[in-house]
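Please read the structure below before turning to the comments.
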Amino acid sequence: MSAVRTSGQEILLKGIAAAPGIAMGPAYLYSKLMPRVKMRSIKPSDLKSELQRLRNATARSVKELQKILSFAEQKLGSQDAKIFEAQIMILNDSILMGTIEDRIKDELKNAEYIVSDEISKYKRLMFAAQDEYMHERAHDVDDVMNRIIRNIQDQRLFSRLEGESVIVSEKLAPADTVIFSRNQVLGYVTDLGGVTSHAAILSRSLKIPAVVGLRTATKHIRSGDFLAIDGYAGFVAINPTEETREGLKRKAKRFKDFEKHLVGIVHLPAETIDHRHIALSSNIEFPEEVEFAFAQGSEGIGLYRTESQLIGMAKYPTEDEQYEVYKRVADGFFPHSVIFRTFDVGGDKLAPDAYQEENPFLGCRGIRMLLDHPEIFQEHLRAILRASAKKNVCIMFPMISNLYEVHRAKSYLDKAQEDLSSRGVPFDKRIKIGVMIEVPSAAMMAQEIASEVDFLSIGTNDLIQYMLAVDRDNSYVAPLFQQFNPAVVRTIKMVVDAGHKRNVWVGICGEMAGDPLATMLLVGLGLDELSVIPSILPEIKDIIRSIKYKDAKRIADRALAMSSDTEIKEYLSSVVKSKLPEIPLDT
Ligand code: PEP
Ligand code: MG
């Protein structure tokens with residue numbers, strides 16, 4: 001989630017693709033002023049009018065929400081509009097409202113103070129739950145609270161736009177999303193939130209492109225700035241160049257045509273014409289993505305980035321807190337398998353108490369940090385093991401660079417298993433373990449590593465960075481970050497062969513797996529699994545279903561004999577264009 005200045009005035013922000021689509025237009029920076037609440041004492045003689053202020057405000061809030069509800073029902077259908085019903089229920093809760101009135105009478109304090117204090121108690125409990133879902137619900141409660149307070153204070157919220165705009169905000173409540181959609185909203189861009197925030201879910205239902213979790217969007221963007229947003233890839237370009245705009249326009253057109261066709265294949269198997277099955281799974285980071293990954297036809301979770309749970313945390317979550325999240329994901333995807341990758345912190349990924357390192361990508365990252373902190377590693381492994389009781393969980397270790405690290409990681413896993421067994425806690429005693437191949441030394445040692453585990457998963461994002469000495473996040477060297485560099489392609493082939501020699505399956509979970517230009521090549525190189533972001537999954541499946549394994553192997557053989565990235569890319573483009581003219585490339 002970093003900001004990168006590309007050519008001229010263009011600034012690119014990377015976030016989370018929350019609702020598909022492309023949008024371009026002026027930004028409208030929506031800063032929702034939170035009502036300020038001060039405590040005031042009231043005279044007993046003012047009590048009656050204070051209670052009346054509260055009741056009027058509550059009634060007005062209910063009316064507003066009913067309007068939003070009926071609008072949302074028309075636009076979204078009754079299922080998705082249910083959150084507003086839930087908000088109305090909070091306002092109609094006689095126990096809550098009774099407690100608030102009683103406290104105003106007993107404490108002789110102003111209505112907005114008591115409303116804020118009483119409802120905040122619930123909010124705090126929900127935020128303390130360390131559960132992404134509860135956090136989202138806490139935002140709903142927050143929204144209701146602010147609505148009543150605003151109405152007590154007789155403030156009005158602006159929600160009318162002058163012409164078409166991309167709404168940019170720190171966060172958006174579901175009600176904001178719906179209300180704005182009555183205007184000419186082109187897209188949503190937020191600092192906070194994941195794919196799973198209600199605002200993101202509603203944007204998908206409303207078919208309004210959205211990019212969330214950008215962290216610094218409101219810092220970089222001013223009202224009136226021209227924005228181009230890519231809700232497929234999770235990018236926002238501020239003051240985009242002509243080239244960016246044209247590229248996005250072409251992409252929008254291709255996707256529109258293609259999406260119509262993809263709907264029909266979502267639940268068909270990912271199988272080539274000559275019946276080679278490829279396990280097509282998803283990379284996700286939050287439990288709320290499970291539903292979307294499943295709806296996109298995902299066969300499993302090929303990469304669950306557990307470190308997402310550490311975002312914004314001052315300390316590591318406890319074993320129980322971690323377990324709650326992993327169990328939700330594992331149960332949500334049951335009976336299909338979920339691969340939990342152990343915390344990959346360091347590098348560009350922040351961790352609580354991270355070391356200050358000169359060169360963090362070559363420092364204490366991934367498995368190195370875990371092996372350095374056995375207490376954190378043990379709790380983490382126990383949490384994953386506990387979520388494996390239904391036997392659909394696998395564990396994967398990141399950033400392995402030698403065999404010794406595999407041995408050490410496995411011995412910690414044995415210890416975690418012994419701990420749980422001695423306490424009689426259920427878990428899968430035959431849990432499958434895998435290693436990410438993302439460091440060149442691990443690729444070279446893939447056969448030996450494969451003898452120790454059940455599967456290998458190639459992380460091309462890092463493998464390319466370390467093989468080609470190109471920082472994956474540095475826009476200055478971006479053209480050198482070449483997925484189709486012959487050294488990369490040949491290394492993938494070497495790892496696949498090494499794994500197969502040792503009878504373990506080999507997958508790929510780097511971004512390359514989700515590049516339609518790479519699909520035929522990867523299938524032909526013999527990969528058993530492709531793990532991709534859920535939004536691209538149907539498209540990759542469509543390619544797999546349109547080719548013969550026999551042809552893919554031939555294509556891979558030719559690519560393996562080539563000597564430059566450009567040569568391979570041009571060759572693959574020409575093959576895709578001739579064999580699969582309907583596939584939109586350059587996603
Ligand atoms: C990779 O390196 O390819 C990978 C999938 O891991 P991450 O992007 O989380 O480093
Ligand atoms: Mg990686």
Side-chain angles (χ1 to χ4, degrees), residues 1-2 14-17 194-195 213 233-235 279-286 289 293 298 300-311 338-351 354 360-370 380 394-401 405 409 434-443 446 449 455-474 478 481-485 487-489 491-492 495-496 506-515 518 522 525 527 529-534 536-537 540:
M1 329 276 155
S2 47
K14 173 81 183 95
I16 301 169
V195 215
F235 272 105
L280 191 53
S281 43
S282 286
N283 294 349
I284 63 167
E285 306 187 21
F286 299 99
E289 288 175 280
S298 179
I301 301 299
L303 168 63
Y304 185 89
R305 290 184 167 98
T306 55
E307 62 275 7
S308 60
Q309 207 185 352
L310 308 176
I311 294 171
V338 176
I339 300 176
F340 288 103
R341 179 178 73 183
T342 55
F343 294 142
D344 179 12
V345 294
D348 60 335
K349 297 166 181 162
L350 295 174
F361 273 114
L362 301 180
C364 194
R365 204 194 138 180
I367 198 71
R368 299 172 184 173
M369 189 288 293
L370 294 169
H380 186 38
C394 310
I395 294 188
M396 177 160 76
F397 300 118
M399 285 296 296
I400 291 286
S401 60
E405 287 168 342
V435 156
M436 285 201 67
I437 301 294
E438 49 186 347
V439 179
S441 56
I449 292 175
F455 63 91
L456 303 177
S457 183
I458 305 175
T460 40
N461 306 343
D462 279 309
L463 186 62
I464 296 171
Q465 136 161 295
Y466 294 120
M467 278 192 71
L468 306 184
V470 179
D471 180 345
R472 61 192 269 185
D473 291 331
N474 179 344
F481 190 91
Q482 300 166 342
Q483 316 191 105
F484 299 102
N485 186 301
V488 173
V489 176
T491 303
I492 294 174
V495 174
V496 171
V506 183
I508 171 170
C509 62
E511 295 307 303
M512 187 178 183
D515 182 347
L522 296 174
L525 290 173
L527 283 143
E529 181 228 33
L530 305 185
S531 193
V532 304
I533 54 165
I536 196 81
L537 196 141
I540 301 297

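What you are looking at is a predicted structure, and each value in this text was computed from that prediction instead of being measured. Note that ligands are numbered from 1 as they come in the structure, with each ligand's atoms numbered from 1 the same way.
- For S298, the side-chain hydrogen bond (donor to acceptor under 3.5 Å, both in side chains) partners at least two apart in sequence or on another chain are S282.
- With sequence neighbours excluded, the residues forming a ring pair (Phe, Tyr, Trp, His ring centres under 6.0 Å) with F340 are Y304, Y326, listed by chain and number.
- In this structure, of N283, I508, D462, the residue bringing a heavy atom nearest to atom 2 (O) of ligand 1 is D462.
- For E438, the N/O/S atom at the shortest distance from the Mg ion (ligand 2) is named OE1.
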Test log, rule side chain to side chain contact (heavy atoms under 4.5 Å, CB included), inputs I395 and F397: CA-CA 7 Å; I395 294 188; F397 300 118; 3.9 Å; yes

Full working for side chain to side chain contact (heavy atoms under 4.5 Å, CB included) between R365 and D344: CA-CA 7 Å; R365 204 194 138 180; D344 179 12; 2.9 Å; yes

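- For ligand 1, the atoms lying closer than 4.0 Å to a non-hydrogen atom of D344 are 10 (O).
- Closest approach between the Mg ion (ligand 2) and any N/O/S atom of D462 involves OD2.
- Contact annotation for L303 and ligand 1: only side-chain heavy atoms (C-beta onward) come within less than 4.0 Å of the ligand.
- N485 has its side chain out of reach of I464: every pair of non-hydrogen atoms, C-beta onward, lies at least 4.5 Å apart.
- Contacts between R365 and ligand 1, counted as non-hydrogen atom pairs separated by less than 4.0 Å, involve the side chain only.
- Taking every heavy atom of C509 and a limit of under 4.0 angstrom, the matching atoms of ligand 1 come to 5 (C).
- Atoms of ligand 1 lying under 4.0 Å from any heavy atom of E438, numbered from 1 in the order shown and given with element: 1 (C), 2 (O), 6 (O).
- In this structure, R305 and N283 approach most closely via the heavy-atom pair NH1-CB, 4.2 Å.
- Neither side chain, T460 nor Q483, offers a donor N or O lying under 3.5 Å from an acceptor on the other.
- Residue contacts with ligand 1, taken as heavy atom pairs separated by less than 4.0 Å, do not involve E511 at all.
- In this structure, Y466 and F361 have perpendicular ring planes: the angle between them is above 60°, well past the 30° mark.
- Ligand 1 is approached by M436 to a heavy-atom distance shorter than 4.0 Å.
- Note on ligand 1: E285 sits outside its first shell, no heavy atom being nearer than 4.0 Å.
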